[in-house]
Amino acid sequence: MSSLWPRVLPVLRLYLLGLKVLLLQLFTSAFRLPVMPRQDGKVAIVTGGGRGIGYEVVRHMASLGVHVIIGGRDEREGLAAVRRICEEYKEAKVEFRKLDLASLQSVHQFVQRFKQQGLPLNVLINNAGVMLVPESRTEDGFEQHFGVNYLGHFLLTWLLLDTLKDSGKSGHFSRVVNVSSSAHRIGEVRLNDLNSRQCYSAHAAYCHSKLAQLVFSSHLQQELQHGGFPVTSWAVDPGMVDTALYCHLWKPLHLAHSALAPLLLKTPVEGAATVLHAALSPALEGEYGEGYWSNGYREMTTPPTFDPQLKLSLWETSLQLLGLQ
C-alpha cells in the first residue's frame, strides 16, 4: 500500500482540483474578449495552433491583421488550419512551420528558419502541451510533460528573445504568453528530480510541468524588467476547455468527459479569450508586475512562483540541461 499511495495521491488531488475548478467555472460568467483594434504589421508565433485553443487564437489574430506562424508537430493538421482560416479571412497571413517541442533539434531548426525570414516578432504564445501521457521520454531523454510543456518552450523562448527585444518598443511591447493551468497549484518543482524518475505519476508530472512553466514565466518577467527591455512575460489559465487534451484520462472518466464536455466545459473560443487579452489588449501595454491571468483577471499564484531562489535555480538548471551555458 505504501508504494501505491505516491501514485494514487496525485490522481485524487488532480481530479478533486478539476472538480473544484469546474464548479467554480459553471457558476462564473466566462470572460468575453472586448473588441480589439487592428494589429496590422504585427507578427506572432503560436505553438500548437492547429487545433483547440491555439487554433482559435490564431484565427482571431489573423482576423485582426496579424501575420501568424503556427508551430506544430502535425503538418497535415497545421496546413488544414491555415487553409480554413484563409478561406474565412481572404486577407489572412497565416503559415505553418514544423515544430516538435519533444525535439531540441526541431526547436533550433524552427527558430533558424523563422530568423531567415527576417521578420519581427511581437507575440510568442507558448500554447502547445501534453497531459497525462503514459511514461515516456522525449528524443533528448526528458520526461514528456517536462520536455514538451516546459523545456521545449523554454528553449524556444530563449532562442527568440533577442528578436522579441528588437521588435518591442516604448508603447508597443512584445509579449510572451505561456498557456498554463490551474493544475500548477498542486505541482512541485523538484530540482533534484525534474524528470520524475523517482516515482512516476503522469498526473503529478503534468502538474509539475505547469508549475515549472509558471515559475519560468515569472522569472523571465523579472529579468526583462530589470534589463529595461520592451518585452512582457505573462502566464494564462484558459480554464477547463473542451479540447483533445483530455484524451489520456482514465477510460471511464474519458467516456464521461466525451459525453458531458460540450455541456460543462468552456468552448475553445472562450478558452482563447484570456490568452488573446494577454497577447493583444492595449490596456495592458507596457505593464510589468506579476502576470498570471485567469478568466480575464489577474490572479494570485502559489508561493513557489514568488520564491527568488527557486526561480533562479530552475532558470540556471534549465540553461545547463539545454547546453546554453
Side-chain angles (χ1 to χ4, degrees), residues 5-34 48 51-57 127-133 145 149 177-189 201-215 217-218 234-278 281 290-306:
W5 188 240
R7 297 177 190 277
V8 172
L9 184 59
V11 178
L12 294 175
R13 292 183 73 198
L14 184 56
Y15 289 145
L16 284 171
L17 176 68
L19 182 60
K20 178 184 173 183
V21 170
L22 179 59
L23 289 171
L24 189 64
Q25 191 170 286
L26 287 171
F27 292 101
T28 308
S29 298
F31 170 68
R32 296 190 62 155
L33 185 71
R51 63 179 176 179
I53 294 170
Y55 173 78
E56 295 301 339
V57 167
N127 162 76
V130 294
M131 184 172 81
L132 311 187
V133 294
H145 296 89
N149 297 349
V177 180
N178 290 289
V179 180
S180 187
S181 162
S182 56
H184 82 271
R185 297 187 182 281
I186 52 174
E188 295 176 58
V189 176
S201 158
H203 294 74
Y206 173 70
C207 299
H208 298 341
S209 72
K210 285 299 173 181
L211 178 59
Q213 192 180 28
L214 201 55
V215 170
S217 180
S218 177
W234 281 318
V236 169
D237 171 12
M240 294 183 71
V241 183
D242 185 13
T243 70
L245 195 62
Y246 296 89
C247 63
H248 293 289
L249 281 173
W250 180 47
K251 193 149 191 178
L253 273 178
H254 184 251
L255 292 171
H257 171 271
S258 301
L260 298 173
L263 302 172
L264 301 178
L265 303 191
K266 287 183 180 181
T267 65
V269 171
E270 290 171 333
T274 302
V275 180
L276 287 160
H277 176 65
S281 176
E290 288 299 328
Y292 178 70
W293 296 88
S294 177
N295 204 35
Y297 298 96
R298 254 187 234 272
E299 265 197 13
M300 285 293 288
T301 55
T302 50
T305 55
F306 300 101

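Heads up: numbering here begins at 1 and tracks the sequence.
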Given the rule in the side chain to side chain contact (heavy atoms under 4.5 Å, CB included) test, do Leu276 and Val57 qualify, once you have shown the distances and angles that lead to the verdict?
CA-CA 6 Å; Leu276 287 160; Val57 167; 4.0 Å; yes

Minimum side-chain heavy-atom gap Asn295-Lys266 below 4.5 Å
yes

List the steps, then state whether side chain to side chain contact (heavy atoms under 4.5 Å, CB included) holds for Trp234 with Arg298.
CA-CA 10 Å; Trp234 281 318; Arg298 254 187 234 272; 4.1 Å; yes

Straight-line distance of Ser294 OG to Glu299 CD, nearest 0.5 Å
4.0 Å

Leu26 and side chain to side chain contact (heavy atoms under 4.5 Å, CB included): which single residue from Leu24, Leu22, Thr28 fits?
Leu22

Which heavy atom in Gly271 sits nearest to a heavy atom in Pro238, and how many Å separate them?
O-CB, 3.4 Å

Closest non-hydrogen atom pair, Gly129 against Asn149
CA-OD1, 3.1 Å

Yes or no on side chain to side chain contact (heavy atoms under 4.5 Å, CB included) for Leu132 and Leu14, after CA distance, side-chain angles and deciding distance?
CA-CA 11 Å; Leu132 311 187; Leu14 184 56; 3.9 Å; yes

Indicate the atoms forming the closest heavy-atom contact of Ser181 with Lys210, along with that distance.
CB-CG, 3.9 Å

Thr274 side, atom OG1; Ile53 side, atom CD1 - distance, nearest 0.5 Å
9.5 Å

Check step by step if side chain to side chain contact (heavy atoms under 4.5 Å, CB included) holds for His277 and Leu33.
CA-CA 7 Å; His277 176 65; Leu33 185 71; 4.0 Å; yes

Sub-4.5 Å side-chain heavy-atom contact between Val189 and Pro304:
no

Inter-residue atom distance His203.NE2 - Met131.CE, 0.5 Å rounding
8.5 Å

Heavy-atom donor-acceptor pair, Asn127 side chain to Gly48 backbone, under 3.5 Å
yes

Can you tell me if Gln25 uses its side chain to pair, donor with acceptor, with the backbone of Met240 under 3.5 Å?
yes

At their closest point, which heavy atom of Tyr292 faces which heavy atom of Ser180, and how far apart are they?
CE1-CB, 4.4 Å

Smallest separation among heavy atoms of His184 and Leu214, with atom names
CD2-CD2, 3.2 Å

Check: Ser209 side chain, Tyr206 main-chain N or O, donor-acceptor pair, under 3.5 Å
yes

Look at the side chain of His145 and the backbone N and O of Val133, then say whether any donor-acceptor pair between them is shorter than 3.5 Å.
yes

On a heavy-atom basis, which atom in Gln213 and which in Val179 lie closest, and how many Å separate them?
OE1-O, 3.2 Å

Out of curiosity, Cys207 SG to Arg185 CZ, how far, rounded to the nearest 0.5 Å?
12.0 Å

